[in-house]
Amino acid sequence: AAAARWSAIAAMTGDPTGPPSPPRPAKGTRVLLPVDESDHSARAVAWYCKHAASVHDHVTLFHAIDTSNVIPVLAGAAPGAFPIGLVESVQRERDLIAEELHQRFGGQLAAAGMKAEFVAARQVSHPGDAIVNMCRRLGVQHVVMGSRGMGTVRRTFMGSTSDFVLHHANLPVTVVPPPPAKQ
């Protein structure tokens, strides 16, 4: 039921480029705001509202529903070895989180006089892939996202979603850094 209120749930499988991009808007910019439960997403949405938003923009809030810790277990399990009810329960829980994000950030944009659609996608890979693929599917012109502010060494070994998007989206990406550390 909650999923029915979303503009779309896109399965991030198959052709990575997806269907052809929709026509560019006559006015404004197609903006993608990737969101999750973190303070980093909240900071990026607030930054966009304060510094970059235009009432003519076409804004999409995008949430990659993380199924990566469930799908690999299923892939290696023998038929019937993994309770289907558990998988459905995890998916419902994650759908509820997505609905909460839709309400929270959609409300924040509405308070700033902006309209936004919400798109959630079940991902089976890196969230950066899901974001880049959604940019291509929607014909996005600008991405605004938060960063955890990992150091160079940690980012090298763990990877960074914002770094991945910055290098693979082939469009302007604004990465909103974390606040300076208190000393």
Side-chain angles (χ1 to χ4, degrees), residues 2-3 5-10 12 18 21-66 94-121 123 126-152 154-155 158-183:
R5 290 183 288 227
W6 301 339
S7 298
I9 294 184
M12 300 304 289
S21 297
R24 301 276 171 150
K27 283 172 89 172
T29 302
R30 285 193 188 279
V31 179
L32 187 78
L33 298 169
V35 295
D36 61 18
E37 306 94 321
S38 72
D39 291 339
H40 315 293
S41 290
R43 199 174 47 257
V45 172
W47 183 93
Y48 171 76
C49 289
K50 184 175 181 180
H51 299 287
S54 165
V55 294
H56 301 293
D57 287 350
H58 301 270
V59 179
T60 301
L61 291 163
F62 174 64
H63 177 61
I65 299 173
D66 185 8
R94 297 204 174 135
D95 287 346
L96 287 173
I97 290 169
E99 180 62 23
E100 290 170 6
L101 294 170
H102 178 203
Q103 297 302 318
R104 176 182 174 191
F105 294 118
Q108 186 176 348
L109 288 164
M114 303 291 300
K115 292 181 183 176
E117 68 176 330
F118 185 86
V119 177
Q123 71 174 62
H126 188 275
D129 282 330
I131 294 166
V132 169
N133 289 338
M134 191 55 60
C135 286
R136 291 181 183 139
R137 288 178 185 216
L138 298 177
V140 168
Q141 297 166 292
H142 184 199
V143 176
V144 178
M145 61 190 303
S147 170
R148 290 187 285 178
M150 292 190 290
T152 305
R154 189 169 176 208
R155 188 173 55 246
M158 291 181 57
S160 161
T161 301
S162 58
D163 192 57
F164 182 91
V165 173
L166 186 66
H167 288 94
H168 292 90
N170 297 320
L171 57 96
V173 177
T174 300
V175 178
V176 180
K182 294 180 182 176
Q183 299 196 15

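These numbers come from the heavy atoms of this one structure, side chains and all, not from hydrogens, waters or symmetry mates. Source: prediction; values computed, not measured. Along the sequence shown, residues carry numbers from 1.
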Would the distance check show the side chain of T60 and the main-chain N or O of F62 forming a donor-acceptor pair, the cut-off being under 3.5 Å? no
Results of side-chain contact (heavy atoms from CB on, under 4.5 Å) for D36 - residues two or more places apart only: S38, S41, H63
Quick one: side chains of residues 164-180, donor-acceptor pairs under 3.5 Å with protein atoms, not counting sequence neighbours, listed by atom name and distance.
{"unit_1": "H167", "atom_1": "ND1", "unit_2": "D163", "atom_2": "O", "d": "2.9"}
{"unit_1": "H167", "atom_1": "ND1", "unit_2": "D163", "atom_2": "OD1", "d": "3.4"}
{"unit_1": "H168", "atom_1": "ND1", "unit_2": "F164", "atom_2": "O", "d": "2.9"}
{"unit_1": "T174", "atom_1": "OG1", "unit_2": "H142", "atom_2": "NE2", "d": "2.7"}

Just how far is it from atom CG of L32 to atom CZ of R137, taken to the nearest 0.5 Å? 12.5 Å
State which residues pass side-chain contact (heavy atoms from CB on, under 4.5 Å) with A110; sequence neighbours excluded, sorted by chain then number. none
Here the pair of heavy atoms bringing V144 nearest to A44 is CG1-O, 3.8 Å
With no hydrogens and no angle check, is any side-chain donor or acceptor of R43 less than 3.5 Å from a backbone partner on S147? yes
Determine the minimum heavy-atom distance between M145 and S162, stating which atoms define it. CE-CA, 3.7 Å
Is the side chain of D57 donor-acceptor paired with the backbone N or O of A53 at a distance under 3.5 Å, no angle test? no
Reported CG-to-CD1 distance for the pair L33 and I131, which is rounded to 0.5 angstrom: 11.0 Å
Any idea which heavy atoms bring C49 and L109 closest together, and the distance? SG-CD2, 3.5 Å
Which atoms form the tightest heavy-atom contact between V55 and G113, and what is the distance? CG1-O, 3.9 Å
If you look only at pairs with a residue in residues 104-116, which of them pass as a side chain to side chain donor-acceptor pair (under 3.5 Å), with sequence neighbours excluded? none
Would you confirm whether Q141, through its side chain, and R30, through its main-chain N or O, come within 3.5 Å as a donor-acceptor pair? yes
Step by step, would you call M134 with V140 a side chain to side chain contact (heavy atoms under 4.5 Å, CB included)? CA-CA 8 Å; M134 191 55 60; V140 168; over 6 Å; no
Side chains of V143 and P34, heavy atoms from C-beta outward: is any pair under 4.5 Å? yes
Heavy-atom closest pair, residues F118 and V35: CE1-CG2, 4.3 Å
